[in-house]
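Proteins come first, then strands; the chains are lettered A, B, ... in the order of their sequence lines, and each starts at number 1.
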There are 2 protein chains.
Amino acid sequence: MDDEGPTRLRRDAEANRQRILTAARRLFSETGLAVSHNDVARAAEVGVGTVYRRFPRKEDLLLALFEDQVEQVVRLAETAGARADPWRGLYVFLEAMLQMQADDRGLHEYLLGSQAPSLAGRATERISPVVAELLARAKELGQVRADVEVADVALVPVLVGAVLDRTRGVAPDQWRRVLALVMDGFRPPAEGSLPGQPLDPAQLEQVFTSWKGRSA
Amino acid sequence: MDDEGPTRLRRDAEANRQRILTAARRLFSETGLAVSHNDVARAAEVGVGTVYRRFPRKEDLLLALFEDQVEQVVRLAETAGARADPWRGLYVFLEAMLQMQADDRGLHEYLLGSQAPSLAGRATERISPVVAELLARAKELGQVRADVEVADVALVPVLVGAVLDRTRGVAPDQWRRVLALVMDGFRPPAEGSLPGQPLDPAQLEQVFTSWKGRSA
DNA sequence: GCAGAAGTGGACGAGCTGCTCCGGTTCACC
DNA sequence: GGTGAACCGGAGCAGCTCGTCCACTTCTGC
């Protein structure tokens, strides 16, 4: 049962497809998502037309590239969810996820501001319940203050990611320090309670979807 | 003693200069620094040439616009530094500064990733000692954990600013919640001590200077 | 080994942005 | 109110990026 979708590619075409994917993976990882079809073509030593033919929209390329990485993040969450110590689970999950983002700039931008909500969105759906469960257990054990919610945890990669972006070339490990600092904010005892409300799921989705980046 | 630098502007020219500044202030405030000379010209109902003549580089425009705002931030710090309660001083300063950034997108981007390091840089030089003093006093009183440094405080606007950017249209006050959460991470008792080192001044400068933004 | 289907690549046009330049206008001074 | 310097506006040019298109090449099935 050799599942090949619609009409298998000719041998040379398939080879080119692979070259494109390999080159694109490297480029995205090193320089982020702001890579044009032309850049990919040059890096893959292939005509622009070839890249456009195989991946008409950039989204197609992203999907092909990040599918398993996103899956890996989901598995990270699931592993963390199985830990006996929920605090440790939360921490280790966030740390491992951020490590992946530190290693791959493309993934980082993809996860935090996907133009292709489909993939990252579905991942969120699978991760959220795990984090929710960890959080609930952690609260019961008094490991986490009572007034934080899943939405607050979801913002941690945004917070730490901002530092990650800016310290990448300067102090590549600074994000670990910041993560530790931020996570300590989740610990009891809280000084009074947090102002405002956590984001609701719809808002959270907007935060991760409608973000187009900006010069800054 | 009417100090006018080199050769006063003709009346109509000065009027146009003001229209340009007014329009630019509005544009930057609403949409951030990614505003072209053409945009400014259109908004000011003035020819592009006029804008270029008066402000050849965008930096000239930014300087003219943000000088007093940055000065205001510095005064914010100085006021905070005079407070009896150092923790309160720190908190109020960061909150007020972030409020300004929430109100003015241009200022936000300018402060956090200035292409014109001159202005923001000099501001930092004046703010740092004040924050350092507050921090020292707060530590003495046991209000702040011992292992945080000024550089860690300097990253708070980066952290919270990332949330600010993304929640601006969705939940404009969410940054307050996040600020509260982050600040609680600065409180004792710390769970163990923070990993890694705080950034040194040179690194910190790079963090705020060399940042060019990215699609994400 | 041949036919034609599948695939290739990069020249090129369309569209956009940043900036200049100069014919015409307005102001300030006499 | 006349003169020349200062100033204005926006047409238009240069430079760039994106995506198409088609003459040519390569592969596959017979």
For the side chain of [X], counting heavy atoms from C-beta on, which of [options] is nearest?
X: B:S36; options: D:dG9, C:dG9, C:dG18; answer: C:dG18
X: B:R11; options: D:dT28, C:dT20, C:dA28; answer: C:dA28
X: A:V48; options: C:dG10, C:dG9, D:dC18; answer: C:dG10
X: B:T50; options: C:dG9, D:dC8, D:dT26; answer: D:dC8

Any chance you could measure A:R53, atom CZ, to A:R17, atom CZ, to the nearest 0.5 Å?
-> 13.5 Å
Just the rounded figure in Å: distance from [atom2] of [N] to [atom1] of [X].
X: B:D60; N: C:dC19; atom1: CG; atom2: C1'; value: 15 Å
X: B:F55; N: C:dG18; atom1: CZ; atom2: P; value: 17 Å
X: B:I20; N: D:dG9; atom1: CD1; atom2: C1'; value: 12 Å
X: A:N16; N: D:dT26; atom1: CG; atom2: P; value: 12 Å
X: B:H37; N: C:dT20; atom1: NE2; atom2: C1'; value: 13 Å
X: B:R57; N: C:dT20; atom1: CZ; atom2: P; value: 12 Å
X: A:E14; N: D:dT28; atom1: CD; atom2: P; value: 12 Å
X: A:L9; N: D:dT28; atom1: CG; atom2: C1'; value: 14 Å

Which is true for B:R54 with a 4.0 Å heavy-atom rule: it touches a base, it touches only sugar-phosphate, or it touches nothing?
-> sugar-phosphate
For A:D12 and for B:Y52, locate the closest nucleotide of DNA chain C by heavy-atom distance; then report the residue assigned to the nucleotide nearer the 5' terminus.
-> A:D12
Result for 5'-nearest mapping on DNA chain C, choosing between A:A13 and B:N38, is A:A13
Apply side chain to side chain contact (heavy atoms under 4.5 Å, CB included) to A:L155 and A:L199, showing your working.
-> CA-CA 9 Å; A:L155 288 181; A:L199 297 175; 4.2 Å; yes
May I ask you to verify if any side-chain N or O of A:R53 is less than 4.0 angstrom from the OP1 or OP2 atom of C:dG7?
-> no
Student check: side-chain heavy atoms of B:L61 and B:F66 closer than 4.5 Å = no
Donor-acceptor pair under 3.5 Å: do we get one between B:R10's side chain and the base of C:dA28?
-> no
Yes or no on salt bridge (charged side-chain N to carboxylate O under 4.0 Å, His left out) for B:R122 and B:E71, after CA distance, side-chain angles and deciding distance?
-> CA-CA 10 Å; B:R122 256 175 297 144; B:E71 181 61 29; over 6 Å; no
Donor on one side chain, acceptor on other, A:E95 and A:Q99, under 3.5 Å | no
